[in-house]
Amino acid sequence: MMKNVADDALIPHAVVELVVKNNWNLLKAWRKHLGMSQKELAAKAGISQPALSQMENSNNHRDATIEKLAAAMELKPEQLVD
């Protein structure tokens with residue numbers, strides 16, 4: 001049986017629901033879903049809280065930063081980009 005590539009980057013319904021209901025991007029929806037503050041996630045990812053805030057309010061993300069954030073949330077980078 002072939003493995004479906006999409007199976008590796010699943011997004012739970014609860015996260016999708018946060019995106020749709022609140023008009024958030026995936027990054028913010030995942031952070032809220034995981035119960036993390038901006039300060040906590042930024043520190044864990046090694047970026048500033050203002051940088052994280054800016055990313056949550058736009059869809060302009062650097063790949064290297066997305067990788068750091070994904071690692072901090074124990075996700076795959078593909079799960080954070082719309």
Side-chain angles (χ1 to χ4, degrees):
M1 183 168 106
M2 281 186 53
K3 185 172 182 177
N4 185 344
V5 176
D7 289 345
D8 288 340
L10 293 177
I11 299 170
H13 181 265
V15 173
V16 174
E17 191 171 39
L18 288 171
V19 170
V20 173
K21 282 187 175 179
N22 300 297
N23 199 29
W24 292 342
N25 64 17
L26 283 168
L27 174 59
K28 184 171 184 174
W30 269 110
R31 178 180 63 77
K32 293 282 195 173
H33 177 71
L34 296 172
M36 300 176 83
S37 68
Q38 282 187 345
K39 185 177 179 181
E40 178 184 6
L41 177 56
K44 198 170 177 183
I47 66 170
S48 71
Q49 183 274 324
L52 176 57
S53 178
Q54 187 174 26
M55 290 180 72
E56 287 188 349
N57 290 303
S58 75
N59 280 321
N60 186 13
H61 310 118
R62 290 185 41 214
D63 290 346
T65 308
I66 287 293
E67 288 175 17
K68 289 179 187 179
L69 290 163
M73 290 190 275
E74 299 180 6
L75 300 170
K76 292 181 171 30
E78 302 82 48
Q79 292 173 288
L80 294 178
V81 288
D82 300 289

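The first residue in the sequence is number 1, and the count goes up from there. Atoms considered below: every heavy atom in the structure, side chains included; atoms not considered: hydrogens, waters and symmetry mates.
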**Student:** Please enumerate all residues that pass side chain to side chain contact (heavy atoms under 4.5 Å, CB included) together with V19, with sequence neighbours excluded.
**Tutor:** L26, A29
**Student:** List the atom pairs, with distances to 0.1 Å, where a side-chain N or O of residues 45-52 and a protein N or O form a donor-acceptor pair under 3.5 Å, not counting sequence neighbours.
**Tutor:**
| from | atom 1 | to | atom 2 | distance (Å) |
| --- | --- | --- | --- | --- |
| S48 | OG | A51 | N | 3.1 |
| Q49 | NE2 | Q38 | OE1 | 2.4 |

**Student:** Considering only heavy atoms from C-beta outward, does the side chain of K28 approach that of N22 to under 4.5 Å?
**Tutor:**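 Side chain of K28 against side chain of N22, heavy atoms only: no contact under 4.5 Å found.
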**Student:** Only distances under 3.5 Å count here; give the side-chain donor-acceptor pairs of residues 61-70 to other protein atoms, sequence neighbours excluded, each with its distance to 0.1 Å.
**Tutor:**
| from | atom 1 | to | atom 2 | distance (Å) |
| --- | --- | --- | --- | --- |
| H61 | NE2 | M55 | O | 3.0 |
| H61 | NE2 | S58 | O | 3.2 |

**Student:** Keeping to residues at least two apart or across chains, list the salt bridge (Lys or Arg N to Asp or Glu O under 4.0 Å) pairs with something in residues 16-27.
**Tutor:**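 The answer is E17-K21.
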**Student:** First locate atom CG of N25, then atom CG of N57, and finally report the distance between them rounded to the nearest 0.5 Å.
**Tutor:**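 Output value for this atom pair is 7.5 Å.
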**Student:** Test of understanding: clusters of I, L, V, M, F, W, Y form through side-chain heavy atoms closer than 4.5 Å, transitively. Do L80 and V20 belong to the same one?
**Tutor:** yes
**Student:** Does W30 use its side chain to pair, donor to acceptor, with the backbone of Q79 at less than 3.5 Å?
**Tutor:** yes
**Student:** Tell me the salt bridge (Lys or Arg N to Asp or Glu O under 4.0 Å) pairs involving residues 44-57, sequence neighbours left out?
**Tutor:** R31-E56
**Student:** Under the side-chain hydrogen bond (donor to acceptor under 3.5 Å, both in side chains) test, which residues partner E40, sequence neighbours left out?
**Tutor:** none
**Student:** Does one hydrophobic cluster hold both M73 and L10, with members joined at side-chain heavy-atom distances below 4.5 Å?
**Tutor:** no
**Student:** Among Ile, Leu, Val, Met, Phe, Trp and Tyr joined by side-chain contacts under 4.5 Å, find the other residues sharing a cluster with W24 and list them by chain and number.
**Tutor:**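 When side chains under 4.5 Å apart are linked, the cluster holding W24 also contains L18.
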**Student:** Atom CG of L41 and atom CG of L34: how far apart are they, to the nearest 0.5 Å?
**Tutor:**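 Spacing of CG (L41) from CG (L34) equals 8.5 Å.
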